[in-house]
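By convention here, the first residue in the shown sequence is residue 1.
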Amino acid sequence: MLFLSFLRYIQGYAEFEASGGFPERFINLCTKNRIPLWNIKNTSGTITAATTENALKEVERTAGKAGMDLSVLRVVSLKSSLEKHKKRKGLLFSLLFCVLVTVFLSFFIWSVSVEGNEQYSKEEILHIFEENGVKIGSFKSSIDTVSVSEKAVSALDKLSWAKVNIRGCFAVIEVRELKDKPDIFDESKPVNIVSDSDGVIIKYEVSKGTPLLKPSLAVTKGDLLVSGVLTNSDGSERLVHSKAFITARVETTIKGDFNSKLFSLNGENTRYSVFFFGLTLPDYKDKDALFESREYLDNKNRLLPLGIFRYSGYLFEDEHTPDESEKALLNAFDFNGKAIKIYSESKNVIKANISVPKDILTGKFICEKQIGIEKEILTE
């Protein structure tokens, strides 16, 4: 619609008003003689409409045949605008320049969006497509949408389908992702259940397999807890996939132990670039080693090809051995990480004893945890 209005402006058009006579006959005669009319309105027998500048005389003759009085409201054209502003050459050249720039930029991608993604983030998908040429500032005719989509599906394991749709100056990436399949356990495979830790049995529930122990017995790492060999009533044996829920009281000792050297922070390095249609100024050579954040102009939730890129990184001094206060803090962090792992892997922490002998943070934990793991029975 906008393009049609622009063509009419270049060609020239006139808006008119006709009253009296026979409006229906006037419209029928214009249609029969193929006289172009648009924006037609009939208000109490008075018709307002628009036609091309070249067809205006024919419209006036047709209005006379229908007994209508016609008056021209205004004539609009590029030619009349140029004559009106012929002394303002700068304005005319600016208008011409804007038109040429707009036409030129219409050959490029202005914005890229992603639809249909759930498991992959928008940034992950955009990164793959950018590597294959689909990005802001790309020349539209240079994008092989089929090839790019196939490469993206190959690069991202969880994508089942992808397509690039170029709508005007905007690229829309549509994706379909594979649904996660539930874990399927092969119960036809015979397995024993063995202990993965030293401990004392607390709960011992066997649903399949041959029980070998009783609660309150001590076990060591690697001990056989449940056998996958079952004896039938006739004395024969068969192999099964053992199933059991076994917990034990396990004692674990951890220490805060940080022996690495440190790098001292010596300030932050921050730089900015202006982005315009794929062109980044200045384009820093070491930007891949920096953290990048992008801010684009947007129009109704659609990003525009103009923005500011921020590159930031930290400056470090040479490595050094931590002093006593630094080492104590780092040991505490190390200890904390190990303790969190114990709590996350345990069904219940029965007792915890934390001490600092010889300035070393030490913890002794008594936990109830599941200790049974499957171990395949090799039959060949």
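Atom OG1 in Thr362 sits 9.5 Å away from atom CG in Asn331 (nearest 0.5 Å). To the nearest 0.5 angstrom, Glu24 atom CD is 7.0 Å from Ile47 atom CD1. To the nearest 0.5 Å, atom NE2 of residue His241 and atom CD1 of residue Ile193 are 7.5 Å apart. In this structure, CZ on Arg249 lies 11.0 Å from NZ on Lys351, to the nearest 0.5 angstrom. Separating the CZ atom in Arg61 from the CG atom in Leu70 is a distance of 12.5 Å, to the nearest 0.5 Å.
A donor-acceptor pair under 3.5 Å is absent between the side-chain atoms of Lys122 and the main chain of Asn117, judged by distance alone. In this structure, Ser113 contributes its side chain and Val172 its backbone to no donor-acceptor pair below 3.5 Å. A distance-only check finds no donor-acceptor pair linking the side chain of Ser197 to the backbone of Ile371 [under 3.5 Å]. In this structure, the side chain of Glu124 engages the main chain of Ser121 through a donor-acceptor pair within 3.5 Å.
Trp161 and Tyr120 fall into different hydrophobic clusters, defined by Ile, Leu, Val, Met, Phe, Trp and Tyr side-chain heavy atoms under 4.5 Å apart, directly or through other members. Linking ILVMFWY side-chain heavy atoms closer than 4.5 Å, directly or via other members, places Val164 and Leu156 in a single hydrophobic cluster. Val191 and Leu224 fall into different hydrophobic clusters, where Ile, Leu, Val, Met, Phe, Trp and Tyr are joined by side-chain heavy atoms under 4.5 Å apart, directly or via other members. Both Ile40 and Met68 belong to a single network of hydrophobic side chains, linked directly or stepwise wherever heavy atoms of I, L, V, M, F, W or Y lie under 4.5 Å apart.
Ring-plane geometry between Phe139 and Phe107 is classed as tilted, the angle between the planes lying from 30 to 60 degrees on a 0 to 90 degree scale.
The aromatic ring centres of Tyr272 and Tyr311 sit 6.0 Å or more apart.
If you run side chain to side chain donor-acceptor pair (under 3.5 Å) between Thr247 and each of Lys203, Lys347, Lys369, Glu368, only Glu368 comes through.
Here Lys57 does not pair with Glu60 in a salt bridge; the nearest charged N to carboxylate O distance is not below 4.0 Å. Between Glu174 and Lys163 there is no salt bridge, since no side-chain N of the basic residue sits under 4.0 Å from a carboxylate O of the acidic one.
Under a cut-off of 6.0 angstrom, the local environment of NZ in Lys135 is sparse, with at most 12 non-hydrogen atoms contributed by other residues, nucleotides or ligands. The number of heavy-atom neighbours closer than 6.0 Å to NZ of Lys364, taken from other residues, nucleotides and ligands shown, is 12 or below. Counting heavy atoms of neighbouring residues, nucleotides and ligands inside a 6.0 Å radius, atom CZ of Phe245 exceeds 12 of them.
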- Query: For Glu205 and Ile246, what are the C-alpha separation, side-chain angles and deciding distance, and is it a side chain to side chain contact (heavy atoms under 4.5 Å, CB included)?
  - Reply: CA-CA 6 Å; Glu205 298 175 355; Ile246 304 170; over 6 Å; no
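Side-chain contact check for Asp234 and Ser236: at least one donor-acceptor pair (N or O, by modelled atom type) lies under 3.5 Å.
Within the 4.5 Å cutoff, the side chain of Tyr204 has no heavy atoms near those of the Leu217 side chain. At least one side-chain heavy atom of Ser106 sits less than 4.5 Å from a side-chain heavy atom of Cys169.
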